[in-house]
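Take a look at the structure below.
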Amino acid sequence: MPIASVVQTVRSNLKTQLDARAGLNGVSIFKYGPLDQAPKTEMIYLGDANSGLEFEAFGSVYEEQIDLKCFVYVLKAGAGDSVAGSTETRAIALANEVIDQLSDDATINGAVIVSRMRNMTIENTLSDEGRVCLIEMDIEAEATLSE
């Protein structure tokens with residue numbers, strides 16, 4: 001039996017769970033970077049993933065360590081500190097929904113043994129349309145698999 005990664009299952013399950021969260025109603029959620037999508041004012045998307053495999057002594061059972069990037073993007077029209085502050089506040093609220101979902105179900109609907117948010121970077125910038133806040137989060141997960 002071939003070795004299989006759970007990265008795609010994690011992406012699908014997490015997107016489904018985030019789609020169902022009341023606090024994310026109206027927010028566009030993508031399993032992959034939305035390069036081909038029209039610009040959105042609020043979106044969450046899952047980015048690159050890294051996976052490492054560690055085999056047990058006899059090679060039929062292995063553990064997968066996953067590091068999945070998750071991005072929260074918020075755009076608000078306007079300029080200045082007031083708009084920047086409200087943009088960041090909204091982005092942090094959306095990021096907290098992702099963190100709360102991992103807290104509510106650390107197994108990501110049974111895809112992994114445990115998951116957690118490991119790191120968060122907040123970037124505030126400008127675009128032609130207004131103020132932007134982009135939050136990058138690292139989601140770590142562990143799975144035990146067998147061939």
Side-chain angles (χ1 to χ4, degrees), residues 2-54 61-147:
I3 297 170
S5 172
V6 297
V7 171
Q8 285 186 313
T9 304
V10 167
R11 280 184 191 278
S12 293
N13 290 1
L14 187 55
K15 181 194 181 317
T16 299
Q17 290 177 328
L18 294 175
D19 279 336
R21 288 193 72 86
L24 296 176
N25 189 26
V27 176
S28 299
I29 301 170
F30 300 95
K31 285 194 290 188
Y32 301 96
L35 299 176
D36 58 345
Q37 301 289 327
K40 307 287 184 194
T41 57
E42 293 184 348
M43 67 179 152
I44 296 173
Y45 57 95
L46 303 176
D48 293 338
N50 292 313
S51 173
L53 299 176
E54 294 181 23
V61 175
Y62 57 97
E63 291 184 2
E64 183 174 19
Q65 304 291 326
I66 298 167
D67 184 17
L68 177 64
K69 298 287 185 187
C70 179
F71 297 90
V72 174
Y73 174 92
V74 174
L75 165 68
K76 287 189 181 258
D81 282 353
S82 175
V83 176
S86 67
T87 303
E88 183 178 80
T89 297
R90 178 64 177 156
I92 290 171
L94 298 181
N96 282 332
E97 287 289 333
V98 176
I99 295 166
D100 288 348
Q101 180 56 51
L102 295 174
S103 224
D104 291 347
D105 179 10
T107 70
I108 309 177
N109 199 25
V112 297
I113 297 170
V114 67
S115 66
R116 68 184 181 103
M117 193 278 290
R118 179 179 50 112
N119 186 41
M120 181 166 65
T121 304
I122 302 171
E123 178 185 344
N124 290 291
T125 188
L126 294 168
S127 77
D128 292 341
E129 293 91 17
R131 297 297 305 215
V132 172
C133 184
L134 178 66
I135 296 179
E136 178 182 340
M137 298 185 291
D138 294 319
I139 297 173
E140 281 185 342
E142 298 176 23
T144 299
L145 309 160
S146 61
E147 32 177 339

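We're numbering straight along the sequence, starting at 1.
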Inter- and intrachain pairs under salt bridge (Lys or Arg N to Asp or Glu O under 4.0 Å), touching residues 68-85, at least two apart
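Non-adjacent pairs meeting salt bridge (Lys or Arg N to Asp or Glu O under 4.0 Å): Lys69-Glu136, Lys69-Asp138.
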
If I take atom [atom1] from residue [X] and atom [atom2] from residue [Y], how far apart are they, to the nearest 0.5 angstrom?
X      : Y      : atom1 : atom2 : value
Asn109 : Thr107 : CG    : OG1   : 6.5 Å
Ile99  : Met120 : CD1   : CE    : 5.0 Å
Ile66  : Ser51  : CD1   : OG    : 5.5 Å
Arg90  : Glu88  : CZ    : CD    : 14.0 Å
Leu14  : Ile44  : CG    : CD1   : 9.0 Å
Arg116 : Ser103 : CZ    : OG    : 12.5 Å

Quick check: does any side chain N or O of [X] sit under 3.5 Å from a backbone N or O of [Y], one acting as donor and the other as acceptor?
X      : Y      : result
Arg118 : Met137 : no
Ser86  : Val83  : yes
Thr125 : Val132 : no
Asn13  : Ile108 : yes

Asp48 atom CG, over 12 foreign heavy atoms within 6.0 Å
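Check fails, neighbour count at 12 or below.
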
Gln8, CD atom: more than 12 neighbouring heavy atoms under 6.0 Å:
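No - once you tally the heavy atoms of other residues, nucleotides and ligands closer than 6.0 Å, there are 12 at most.
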
Report yes if the side chains of [X] and [Y] come closer than 4.5 Å at any heavy-atom pair, otherwise no.
X      : Y      : answer
Arg131 : Asn124 : yes
Ile29  : Met43  : no
Tyr45  : Lys31  : no
Glu97  : Leu18  : no
Ile135 : Ile92  : yes
Val27  : Leu94  : yes
Phe71  : Leu134 : yes
Cys133 : Glu123 : no

What pairs with Lys15 under side chain to side chain donor-acceptor pair (under 3.5 Å), at least two apart in sequence or on another chain?
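Residues passing side chain to side chain donor-acceptor pair (under 3.5 Å) with Lys15: Asp19.
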
Show, in sequence, the C-alpha distance, side-chain angles and deciding distance for Leu75 and Glu129, and conclude whether the side chain to side chain contact (heavy atoms under 4.5 Å, CB included) test is met.
CA-CA 8 Å; Leu75 165 68; Glu129 293 91 17; 3.8 Å; yes

Pairing donors with acceptors under 3.5 angstrom, does anything connect the side chains of Glu64 and Ser5?
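Distance-only check passes for Glu64 and Ser5.
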
Which pair of non-hydrogen atoms, one from Ala111 and one from Val10, has the smallest distance, and what is that distance?
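In terms of heavy atoms, the two residues are closest at CB-CG2, 4.0 Å.
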
Let me see the working for Leu68 and Arg11 under side chain to side chain contact (heavy atoms under 4.5 Å, CB included), right down to the final yes or no.
CA-CA 9 Å; Leu68 177 64; Arg11 280 184 191 278; 4.0 Å; yes

